[in-house]
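First the proteins, then the strands, lettered A, B, ... as listed; each starts at 1. Only this structure's heavy atoms are used, side chains among them; waters, hydrogens and symmetry mates stay out. Because the structure is predicted, anything quoted here is derived from the model rather than measured.
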Amino acid sequence: MFKIAMDVLHNHADAEDAVAEAFKSTFIHSRKIKTIDCPETKSLLVITVRNKAIDIYRKNKRHSAAELTEDIPDLSFKMPEDGGLAESISKLPAIDRDIVLLRVDNELRFREIAEILNMKTDTVRKRYHRALEKLAASLRSE
Amino acid sequence: MMMSIPKAKLKIAAAQVRDSILASIDADPSVRFSGGFEISMEQTIKVAKRRRIRQDRIMRIAAVFAAVIVTSATFLSVNAYARERFFTWVHNVYERQIVLRFFKSTQPVSLDKLNAEWLPEGYSLAEKLEAGDELILLYSSETSQDLVISLMPFNEDTEVGISSDKQIEPESITVDGKSALYLDDADPESDTLILFDEEKGIVITVNGPLSKDEMIKIVQGVK
């Protein structure tokens, strides 16, 4: 978790703040946490830590959300190469991928996702539906 | 033409992506966290633990509501207004499970402006957390267990699913004309008071090692 925050912030104290905020958000706020040691909870923590770090980065630099996509590298991970839906989800912009994962894998409400990503609920809802349209289009083009 | 993706297919694909992301994350064993971080995490753990305890208490309080539904039948049959309001509150009753929903029309006050103006001696605010619509205030004392005050608004999203547990008999009380439930737990360090303040549009929950009178003074002092 700390490494994810450090990749965004490059500052020990800020990264600690991001991790602490993420744990608070995850274990106190989320009604969905039933088991701590499971992939869904770990994934929720990863997404939450990264977005808390981005929030801190945004506050420190006074960047807008739009500027951040260029400034901050995406998570580095090996994309599934199934040529199908999983690969298409991996290729979504990071914010849309997070929304899809939080909604589909973690089964969070749009309002809860909005809190984690520090966005408006309506924006999250719209981005989710647009992401699904993109995914459907990518399947059609196969 | 719009094509929908089957939910099951989407879920499997999302799980594949999640697993790929998790597999790519390496822990860094050389990281040493600061004292401030350790304290912050300890407080998080305390609040999370208290929250679980409190939710457990609320589960037990179902017994009271189930009892109220039965014993207030006469009252409800003669008072249409009370009946309407009561059943707006309690929508579903399934034997030992109920779902509480709060009045949609109530306009809650701004929670972040509320504070407990009275506290037992030795307690001070250790943490103030926003959990969705809920505001959680954690108070610590050097000589006693922590005290947690939770403030939640009444609105259509406030929904508490409760399972009945007959082990505890909570007491229905009135605090300054407002309905409240006091739960005298077997563990004297963990009693709970829940006040339904319709005037402010909030539910106030106090959980900690206090007497009933002290808890009443606390909720009276939330302003």
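For chain A, the nearby part of B/Leu22 is the side chain; its heavy atoms alone come within less than 4.5 Å. Only the side chain of A/Ile4 comes within contact range of chain B, with at least one heavy atom under 4.5 Å from a heavy atom of that chain. Contacts between A/Arg103 and chain B at a heavy-atom distance below 4.5 Å are absent for every atom of the residue.
Atom CZ of A/Arg111 and atom CD1 of A/Ile113 lie 12.0 Å apart (nearest 0.5 Å). Here A/Ile89 contributes atom CD1 and A/Leu101 contributes atom CG; the two are 6.5 Å apart, rounded to the nearest 0.5 Å.
A/Glu112 places a side-chain N or O within donor-acceptor distance of the main-chain N or O of A/Arg109, the cut-off being under 3.5 Å. The closest donor-acceptor contact from the side chain of A/Asn106 to the backbone of A/Leu108 lies at 3.5 Å or more, if one exists at all.
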